[in-house]
Structures are given as C-alpha cells and as structure tokens.
> 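One structure follows; several queries about it will come next.
We number each residue from 1, following the sequence as shown. Worth knowing before you read on, the calculation uses all heavy atoms, side chains too, and leaves out hydrogens, waters and symmetry mates. Computed from a predicted structure; not experimentally measured.
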Amino acid sequence: MNLGKLAGLARNFTTSALRRGGHGGVPGENLPFSIENRYKLTALFVLFFGSGFGAPFLLLRHQLLKK
C-alpha cells in the first residue's frame, strides 16, 4: 500500500469519525463546565487556581501554629 493511499484512508477515517461524533465543532461544547456566564466562569477559575496557589501557604501557617 503506497503512502498516498494510506494518507487518504486516514483522512477519510478522521472526517467520518468527526461526523459520527456529533460534536459539530462548536467551541466549548465538549467542556465539563459552562462558558456562557463569564462572571461564573471567572469565579470558578479564581477558586480553582487560587486553591492551588494558596494551599502551600495555608499548610505552612498550619504547621507554624501547631504546638
């Protein structure tokens, strides 16, 4: 099997898989959270990244306050 035919088969497979998947190429459709409300999305991002950034400082404070 030559390289051109193999590339054509791969291209046809990916396009048919996309059609069967039904995702339609809509941005944000496959995300596990909604991106419609920008203020809710901002609050979720602040909580998610803020908890990861603040955890070491809270743990350090806890260790320093222990007797």
Side-chain angles (χ1 to χ4, degrees):
M1 186 178 264
N2 64 9
L3 192 59
K5 192 171 189 178
L6 188 62
L9 285 173
R11 185 171 45 249
N12 287 339
F13 174 75
T14 56
T15 55
S16 63
L18 281 174
R19 281 191 208 126
R20 280 194 308 269
H23 290 296
V26 178
E29 186 178 70
N30 59 348
L31 294 174
F33 50 87
S34 174
I35 59 171
E36 297 297 320
N37 186 348
R38 70 167 28 168
Y39 301 109
K40 180 181 174 187
L41 182 63
T42 303
L44 288 174
F45 268 62
V46 166
L47 285 172
F48 180 76
F49 291 110
S51 64
F53 181 76
F57 297 102
L58 294 173
L59 291 171
L60 177 67
R61 181 179 183 275
H62 172 72
Q63 288 295 325
L64 289 175
L65 291 176
K66 273 194 342 186
K67 290 188 176 187

> Who else is in the cluster with Leu59 when I, L, V, M, F, W and Y are joined by side-chain contacts under 4.5 Å?
none

> Ignoring hydrogens and angles, write down the donor-acceptor pairs under 3.5 Å from the side chains of residues 34-55, residues two or more places apart or on other chains.
from: Ser34; atom 1: OG; to: Glu36; atom 2: N; distance (Å): 3.3
from: Asn37; atom 1: OD1; to: Tyr39; atom 2: N; distance (Å): 3.2
from: Thr42; atom 1: OG1; to: Arg38; atom 2: O; distance (Å): 2.7
from: Ser51; atom 1: OG; to: Leu47; atom 2: O; distance (Å): 3.1
from: Ser51; atom 1: OG; to: Phe48; atom 2: O; distance (Å): 2.8

> Using distance only, find each side-chain donor-acceptor pair of residues 60-67 under 3.5 Å and give its atom names and separation, not counting sequence neighbours.
none

